[in-house]
Amino acid sequence: MKIILASGSPRRKELLSVITTDFEVITAPVDERAIEDEILAGSGDMLDKSKKLVLELSKCKAQAVFDKVSKDDEDVIVIGSDTCVVTADEIMGKPKDKDDARRILRKLSMAEHYVLTGVCIYTSKGIDNFYESSLVKFNELDDYQEAQIEKYISTDEPYDKAGAYGIQGNGMVLISGIEGDYYNIMGLPVSRLARKLAAYIK
C-alpha cells in the first residue's frame with residue numbers, strides 16, 4: 001500500500017513521519033480561494049463555515065492528487081489536510097504583510113480562537129473525511145504582549161502560517177494555554193490519524 005501526503009507543508013511531513021516513514025509527498029493545484037468564497041457566502045456561523053472549509057479543502061487536495069496518481073497505482077492512500085484559525089467573526093489566513101500579521105496577533109490576544117484541521121484519507125475503496133478542533137488562548141494584550149508581537153513579526157516565522165503564528169516555534173511565547181490536540185494546532189491530528197490509518201496499513 002503506497003501512502004501519499006498531498007501537502008507540501010514541512011510540518012505535516014514531520015508529523016506524518018511519526019506514524020510512518022514509508023510515504024511520499026505529491027501535491028496538485030486546487031483553487032482554494034474559490035472554495036473559500038463559496039463556503040463563506042453560505043449559511044452558518046463562522047465556526048460552522050470553518051468546519052465545512054477544512055473538510056472540503058482537505059478532500060479536494062486529496063482528490064486532486066489521487067486523480068493524478070491512481071491510474072498508475074490503484075493501491076494507494078492519499079492524505080489531504082487543511083488547517084484554519086478562526087475567531088467568532090473571521091477566518092485567519094496567512095498574513096499578507098507585517099501590518100496584517102500585527103493585526104491578526106493583536107486580535108487573537110483579545111479573544112480565544114479555534115484551530116481546525118481537516119483531514120481526508122482518499123482511497124479507491126472509499127473516503128474518510130474528518131476534522132479536529134483545538135481551542136487556543138493567547139496572553140492578554142498588555143505592554144509585554146505587544147512587545148512580543150512586535151518582536152515576533154520581525155522574524156520570518158509568521159508569514160507562511162494561518163493565524164500568523166506557529167505554536168511549535170517562537171509563537172509559543174504568545175500563548176497562555178490550549179484545550180485539545182497540540183499537534184492539530186501544528187497542522188495534523190497525529191493520534192486520530194494514526195488510528196484511522198491503522199485500518200488500512202495491516
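The chain is numbered in sequence order, starting from 1.
Sorted pairs that involve residues 21-65 and meet ring pair (Phe, Tyr, Trp, His ring centres under 6.0 Å), not counting sequence neighbours, are lacking altogether. Sorted pairs that involve residues 29-53 and meet ring pair (Phe, Tyr, Trp, His ring centres under 6.0 Å), not counting sequence neighbours, are lacking altogether. Within the structure, no pair that satisfies the salt bridge (Lys or Arg N to Asp or Glu O under 4.0 Å) test touches residues 111-123, not counting sequence neighbours. Within the structure, side chain to side chain donor-acceptor pair (under 3.5 Å) pairs that include any residue of residues 28-40 do not occur (at least two apart or interchain). Among residue pairs with one or both ends in residues 119-128, those qualifying as salt bridge (Lys or Arg N to Asp or Glu O under 4.0 Å) are Asp128-Lys196; sequence neighbours excluded. For the ring pair (Phe, Tyr, Trp, His ring centres under 6.0 Å) condition, the pairs that include at least one residue of residues 82-116, sequence neighbours left out, are His113-Phe138, His113-Tyr165. Applying the salt bridge (Lys or Arg N to Asp or Glu O under 4.0 Å) rule to pairs touching residues 3-17 yields Arg11-Asp160, sequence neighbours excluded.
Within 6.0 Å of NZ in Lys49 there are more than 12 heavy atoms belonging to other residues, nucleotides or ligands. Atom CG of Asp143 is surrounded by 12 or fewer heavy atoms from other residues, nucleotides or ligands within 6.0 Å.
Remark: Thr155 pairs with Tyr152, Glu157, Pro158 by the side chain to side chain contact (heavy atoms under 4.5 Å, CB included) rule, at least two apart or across chains. Every side chain to side chain contact (heavy atoms under 4.5 Å, CB included) that Ala101 has, sequence neighbours left out, goes to Pro95, Ile153, Tyr159, Ala164. Here Asp22 pairs with Thr20 under the side chain to side chain contact (heavy atoms under 4.5 Å, CB included) rule; sequence neighbours left out. Residues meeting the side chain to side chain contact (heavy atoms under 4.5 Å, CB included) test with Glu24, sequence neighbours left out: Lys2, Ile4, Ile26.
In terms of modelled atom types and a separation under 3.5 Å, the side chain of Asp82 and the main chain of Ser58 share no donor-acceptor contact.
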Please tabulate, one pair per line, all N/O donor-acceptor pairs under 3.5 Å involving side-chain atoms of residues 179-192, not counting sequence neighbours.
from   : atom 1 : to     : atom 2 : distance (Å)
Asp181 : OD1    : Tyr183 : N      : 2.8
Asp181 : OD1    : Asn184 : N      : 3.3
Asn184 : OD1    : Thr117 : OG1    : 3.0
Asn184 : ND2    : Val115 : O      : 3.1
Asn184 : ND2    : Glu132 : O      : 3.4
Asn184 : ND2    : Ser134 : OG     : 3.0
Arg192 : NH1    : Tyr131 : O      : 2.7
Arg192 : NH1    : Glu132 : OE1    : 3.0

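For the pair Met46 and Ile91, the minimum side-chain heavy-atom distance is below 4.5 Å.
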